[in-house]
Protein chains: 2
Amino acid sequence: MTSPTTSIRIEPLKVACSSCNLRELCLPLGLSQPDLERLDRLVDARRHVARGAALFRAGDGFHSLYAVRTGFFKTCVSAEDGRDQVTGFQMAGELLGMDGISTDRHSCDAVALEDSQVCVIPFAELEDLSREFTDLQRQFHKIMSREIVRDHGVMLLLGSMRAEERLAAFLLNLTQRLQSRGFSPSALVLRMTREEIGSYLGLKLETVSRTFSKFQDDGLLEVKQRHIRITDQDGLRRLVNGPNC
Amino acid sequence: MTSPTTSIRIEPLKVACSSCNLRELCLPLGLSQPDLERLDRLVDARRHVARGAALFRAGDGFHSLYAVRTGFFKTCVSAEDGRDQVTGFQMAGELLGMDGISTDRHSCDAVALEDSQVCVIPFAELEDLSREFTDLQRQFHKIMSREIVRDHGVMLLLGSMRAEERLAAFLLNLTQRLQSRGFSPSALVLRMTREEIGSYLGLKLETVSRTFSKFQDDGLLEVKQRHIRITDQDGLRRLVNGPNC
DNA sequence: CGCTGCGTTGACGCCAATCAACCGATGTGG
DNA sequence: CCACATCGGTTGATTGGCGTCAACGCAGCG
């Protein structure tokens, strides 16, 4: 983190990628200064999404990717019969909308779980720019690939873990991502309901609630509504890695 | 399908993308003739993978993507404690290896389920070429995005469907992909074991076997070892879409 | 103040996992 | 060629984990 005070910029409203404190987590990662400045010009629009509102919905035309600046999102897909499944939770610096590239329509909903702000990245222009700048192209490909790898991890979780392991893995994943954003690794506030956690983990909300209570009884964490304090991170890790040892 | 006999080409061994019968399913989809010829030069190597052998393994360095020419693959990820999860089955025209882009190492194994052949696509050169040709860039992005969308569908399956629905959805997906490759929509030969199907669907092999038997009893299909004949496709569809109507 | 949404907890039931036996197909070496 | 081992698959009996149903508590809010 280089000091932002070395040059004082008079851009209180427009926050550029090049000076964004998320640039090490987001699309700009690894870009050179000239590339960054071009990216700045591409990403000019910002959009506020109120808590509960959708950034996009399945079926909407796809034009842009979105980088979360502030706030918290969930994405979910639904089957014809109404069943739906939360496929992910996104926080600052993470990209939304890549599902839309394949058919030029979004295939899932992205809903803000708190008042949020996103940077709008017009996709056609991103493709143009990434034909000019190898680093940007490379970084974008890495981000898409990372999403695929993440999804495979979720499949492993859904396909082969039991309730306790799923919730432990979920909490560890959340705290790790929060920690890399400068937050405490032990205290967190859940932005989503038990039902949304359950949907993501393939469990019912009652099971999520019971498992939280069990973790509390076992001295792994303290639960007060959505406020969680992890008191035994290693205990959680043991749950995930070696359920039988 | 334009007739391949209009111009007789003397390339019995080297099969070019431009004349490959999979080009409408694979990376070349939608490319113009000049683009196709450049792609031909890029994709020159082929590789045979014997049944049971790995095309790559988790941890291997990433250099290339692979397009399945003939044969059948599974990909699987494993947890530290040895549990593993089949994340997909790939057939002719489908791309393997995109998991490796994010960290320059593969994060899953790709294993041939029968003697197979793949086209090797050096990734650095693919990136170079896709900086020149918009259509190729666009097509590659669509393929990665399609993989993400597919993964979300699997999450929905794993997170919210019961055993019968999972297997029905799996069979319908397989037959649909086989059909788009010119095979019968009703008769298929499974390339994978009950255990591999179970791993993919988050079920134990006994449950897969029992569910096959149940489907047979219900007159939905005929099972003879790995040979399946679907006799009531609509019945399967009803199982997937409206479990309660 | 009652309403509503979210969370917790208990009782019970069911679906799929587990454990186990058995079968057929395939392959192998004496 | 056959005895034997191995692997994949089927089926049955039983168990257990999680879903279902229901009651209740609590916080926020009009």
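Here is how names work: the chains are called A, B, and so on, in the same order as the sequence lines, proteins then strands, and each is numbered from 1. The model shown is predicted, which means the values in this text are computed figures rather than measured ones.
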Tell me which of A:Met161 and B:Leu205 sits closer to the 5' end of DNA chain D, going by the nucleotide each one is nearest to. B:Leu205
Side chain of B:Arg210, base of D:dG12: donor and acceptor closer than 3.5 Å? yes
Closest approach of A:Cys76 to A:Val86 (non-hydrogen atoms, all atoms of both residues): CB-CA, 3.7 Å
Which atom pair, heavy atoms only, marks the closest approach of A:His152 to B:Glu147? NE2-OE2, 3.7 Å
Classify the ring geometry of B:His106 against B:Phe62: parallel below 30°, tilted from 30° to 60°, perpendicular beyond 60°. perpendicular
The reported gap from CE in B:Met155 to CG in A:Asp151 (rounded to nearest 0.5 angstrom) is 3.5 Å
Separation of A:Arg105 CZ from A:Asp60 CG (nearest 0.5 Å): 8.0 Å
Expressed in angstrom and rounded to an integer, what is the separation of [X] atom [atom1] from [N] atom [atom2]?
| X | N | atom1 | atom2 | value |
| --- | --- | --- | --- | --- |
| B:Arg194 | D:dT10 | CZ | C1' | 9 Å |
| B:Lys214 | D:dT11 | NZ | C1' | 16 Å |
| B:Phe215 | D:dT10 | CZ | C1' | 16 Å |
| B:Leu190 | D:dG9 | CG | C1' | 12 Å |

So A:Asp99 and A:Phe56, do their side chains get closer than 4.5 Å, heavy atoms only? yes
Just wondering, do B:Phe212 and B:Ile197 contact through their side chains at under 4.5 Å, heavy atoms? yes
How is B:Ser209 classified with respect to the nucleic acid when contacts are heavy atoms under 4.0 Å: base, sugar-phosphate, or nothing? base
Classify A:Gly202 by what it touches in the nucleic acid, base, sugar-phosphate, or nothing, heavy-atom distance under 4.0 Å. sugar-phosphate
Under 4.0 angstrom between B:Arg162 side-chain N/O and D:dG19 OP1 or OP2: no
Is it the case that A:Gln90 and A:Thr75 place a side-chain donor and acceptor less than 3.5 Å from each other? yes
How does protein reach along nucleotides 22-30 of chain D, written 5' to 3' as B (base within reach of a heavy atom under 4.0 Å), S (only sugar-phosphate), or - (no contact)? ---------
Outer limits of DNA chain C sitting under 4.0 Å from a non-hydrogen atom of chain A, read 5' to 3', are C:dC6 to C:dA11
Check whether any side-chain N or O of A:Glu222 sits under 3.5 Å from a backbone N or O of A:Arg229 as a donor-acceptor pair, and report yes or no. no
